[in-house]
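Encoded as structure tokens, the structure appears first; notes follow it.
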Amino acid sequence: MKTTTTLNNTALTTTPMWIGGREAMASDGSTVDAVNPATGELTARFPAATAADVDAAVLAGKRASAQWKKSTPEERSAVLTRLAAVIEEHAEELADLDVADNGSPIREMRRDACMAVDSLRYYAGLTLQLRGETIPSSFDRINFTLLQPYGVVARIIPFNHPFMFAASKIAAPLAAGNAVIVKPSEHTSRSALRLGELAQGIIPEGLLSILTGYGHTTGDAIVRHPDIRRLAFIGSADTGRAIQATAASVAVKNVTLELGGKNPLVVFPDADIDKAVLAAQRGMNFTWQGQSCGSTSRLIVHRDIYANFIDTLAENIEGMKSGSPTDESTQTGSIVNAVQYDKVRSYIAIGHDEGARLIAGGQTLTEGEFANGFFVRPTLFADVDPKSRLAQEEIFGPVLAAMPFDDYDGALTIANNVRYGLTASVFTENLRTAHRFARDVEAGYVWVNEVSKHVHGTAFGGVKDSGLGREEGIEELISYTQAKNVHLNFEA
Ligand code: NAD
């Protein structure tokens, strides 16, 4: 295993987390170290929150939400709008923190803060749309619903888009009148901590807590807290299932899950091939080293066009520039940590063992500027067996698996024959094929002649082992409320 060459920087001070609007250290003084994955440098130290710290955040959240739920929709909207403006002013600095924490190129991570700003503004604009229903009952009775906040909710987020998730995922819970606790990944916590700081004086005290720490301790304590009844998790399918089980062992909780994917990109022979080749490269998100839930990591191409398609794609992929994530010209950076790096390399070995044909990448970069980081070249395997591990398992790295198909049913069988069902993409000029595929594919989000695009206001989420619940639209806002039905008799 490649290890990081961290500087022995014992003088590094601990950046505090945020509990109920106040800076805080872990109750037992324990900490987590952050390492820059591209350089191996120790960059920050922050608290590893304990169960007692979770308790303190819940207590503060309860007090604050008791007031916040009485605020008007306009007041909640104004708070989110102010926060969006402050984030926009600090976008560059926030992107720099994420680059140093997760190794993705600066020109990519810069977009994340902007997406968070858009999301905050979107939910700010929706607060007046949080409406119940009036249900006809009888002449002298009325029945209506109230959508009420939970109180204190929690969001546990992954490493790949640290700031975007931290900031955009507080928008719906706050807009709906809740207090929110955010638990960022232990690998990428700094931008979330900065969010806690930027929110001071904007978000009422106690309403937002940022708890840093490890998943099996801090995350687990959040999941187990009896007064957090609403949990939203973004991360791997295995962790998601563990969280469901733990939550259920404590109480009946509303748990939504945004999990992994092994997403198909299917190209029919009538497609605009040039566009499809570019999309296959873009959809794989090599720009984040493939570390994206929505990556179209299975490329399924009609046999008639397969050979030329994958050759052109291989050439394009080989042309991508690996480099320091801070360099503006870098197109693909460092894997996030040693564990993930070893996982990616092990899947490249598995690809060889399973008889797939490596046609691009496959190497690690270990010399010169790459010596202390986790760099793997964008990789394309051809002729992958659809039943093989390379085609079935989420790698969450820059490894694309290509395979041919012969007819519509064959393509669909390959596309659907995995445990996941997050996104899917289809390229065809035939309207009937496009509609049939969109209807038949087992995925929560489908692109036709397009890839990777998220549109605010449209519901994103997975089926099968890719998750439960929908985010990024009004559904997410409503999911942070509980409907109460009121039946009123005003008979004379
Ligand atoms: P992960 O599951 O290892 O960790 C995610 C978060 O959960 C981290 O904050 C971690 O500390 C915490 N955690 C870990 N174990 C926990 C436990 N037992 N209890 C509570 N919290 C716990 O995932 P990761 O490696 O950070 O991220 C990669 C995964 O996230 C991939 O599978 C990817 O597909 C998925 N993802 C999904 C989406 C989506 O929208 N569907 C978006 C981004 C990433």
Side-chain angles (χ1 to χ4, degrees), residues 32 34 37 46 48-49 51 54 101-102 104 112 115 119 154-166 168-169 181-189 191-192 210-225 228 231-250 253 255-263 285 288-297 335-344 393-397 418-423 443-445 452 454 459-473 476:
V32 182
F46 43 83
V54 174
D101 274 356
N102 83 354
S104 290
D112 278 23
M115 288 178 74
S119 178
R155 306 225 44 157
I156 300 176
I157 57 173
F159 68 78
N160 58 334
H161 294 288
F163 186 75
M164 186 188 79
F165 284 135
S168 65
K169 298 304 177 186
I181 295 172
V182 177
K183 209 298 271 168
S185 165
E186 55 272 35
H187 306 292
T188 55
S189 295
S191 60
I210 313 282
L211 295 180
T212 48
Y214 297 103
H216 65 280
T217 51
T218 309
D220 186 68
I222 289 171
V223 174
R224 287 181 191 278
H225 199 289
I228 303 176
L231 285 160
F233 170 74
I234 307 178
S236 62
D238 290 346
T239 310
R241 289 170 61 194
I243 284 176
Q244 268 187 323
T246 305
S249 74
V250 175
K253 299 192 178 208
V255 181
T256 51
L257 304 169
E258 291 278 355
L259 307 175
K262 192 74 184 179
N263 310 300
N285 296 311
W288 299 303
Q289 303 72 251
Q291 299 169 144
S292 180
C293 57
S295 294
T296 44
S297 52
I335 305 280
V336 70
N337 57 35
V339 172
Q340 201 55 32
Y341 176 73
D342 286 336
K343 182 179 174 195
V344 171
E393 298 173 13
E394 187 190 42
I395 302 170
F396 215 59
V418 289
R419 65 186 276 222
Y420 296 107
L422 189 57
T423 72
Y445 206 103
S452 292
H454 287 232
F460 186 84
V463 300
K464 303 199 290 191
D465 278 0
S466 286
L468 270 181
R470 294 293 178 266
E471 303 202 337
E472 302 179 18
E476 185 177 340

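Both ligands and their constituent atoms are indexed starting at 1 by order of listing. Small disclaimer: the values here were computed from a predicted structure and weren't measured.
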Distance filter under 4.0 Å to [X] heavy atoms, resulting ligand 1 atoms:
X      : result
Gly260 : 32 (O), 34 (O)
Glu186 : 10 (C), 11 (O)
Phe165 : 42 (C), 43 (C)
Pro184 : 9 (O)
Ser236 : 1 (P), 2 (O), 23 (O), 29 (C), 30 (O), 32 (O)

Report yes if [X] has an N/O atom closer than 3.5 Å to an N/O atom of ligand 1; otherwise report no.
X      : value
Asn160 : no
Lys183 : yes
His216 : no
Leu259 : yes

**Message:** Which label fits Phe460 and Tyr445: parallel for a plane angle under 30°, tilted from 30 to 60°, or perpendicular past 60°?
**Reply:** tilted
Do the non-hydrogen side-chain atoms of [X] and [Y] ever get within less than 4.5 Å of each other?
X      : Y      : result
Asp220 : Thr246 : yes
Pro162 : Asn102 : yes
Arg155 : Ile234 : yes
Ser249 : Arg224 : yes
Val223 : Leu231 : yes

**Request:** Without swapping roles, check the side chain of Ser185 against the backbone of His187 for a donor-acceptor pair under 3.5 Å.
**Result:** yes
**Prompt:** Between Glu258 and Arg470, is there a donor-acceptor pair closer than 3.5 Å when you use the side chain of the first and the backbone of the second?
**Reply:** no
For [atom], what is the closest protein heavy atom, and at what distance to 0.1 Å?
atom                    : answer
atom 34 (O) of ligand 1 : Glu394 OE2, 2.6 Å
atom 35 (C) of ligand 1 : Gly235 O, 3.1 Å
atom 36 (N) of ligand 1 : Cys293 CB, 3.6 Å
atom 3 (O) of ligand 1  : Thr239 OG1, 4.0 Å
atom 7 (O) of ligand 1  : Phe233 CE1, 3.1 Å
atom 13 (N) of ligand 1 : Gly215 CA, 3.4 Å
atom 33 (C) of ligand 1 : Phe396 CE1, 3.1 Å
atom 8 (C) of ligand 1  : Ile157 O, 3.3 Å

**Asked** So with a 6.0 Å cut-off around CZ of Arg419, is the heavy-atom count from everything else above 12?
**Response** yes
**Item:** Gap separating the CG atom of Asp112 from the CZ atom of Phe163, nearest 0.5 angstrom
**Value:** 9.5 Å
**Prompt:** Taking the non-hydrogen atoms of Ser185, is any one of them nearer than 4.0 angstrom to ligand 1?
**Reply:** yes
**Request:** Answer yes if the side chains of Ser104 and Gln289 hold a donor-acceptor pair under 3.5 Å, and no otherwise.
**Result:** yes
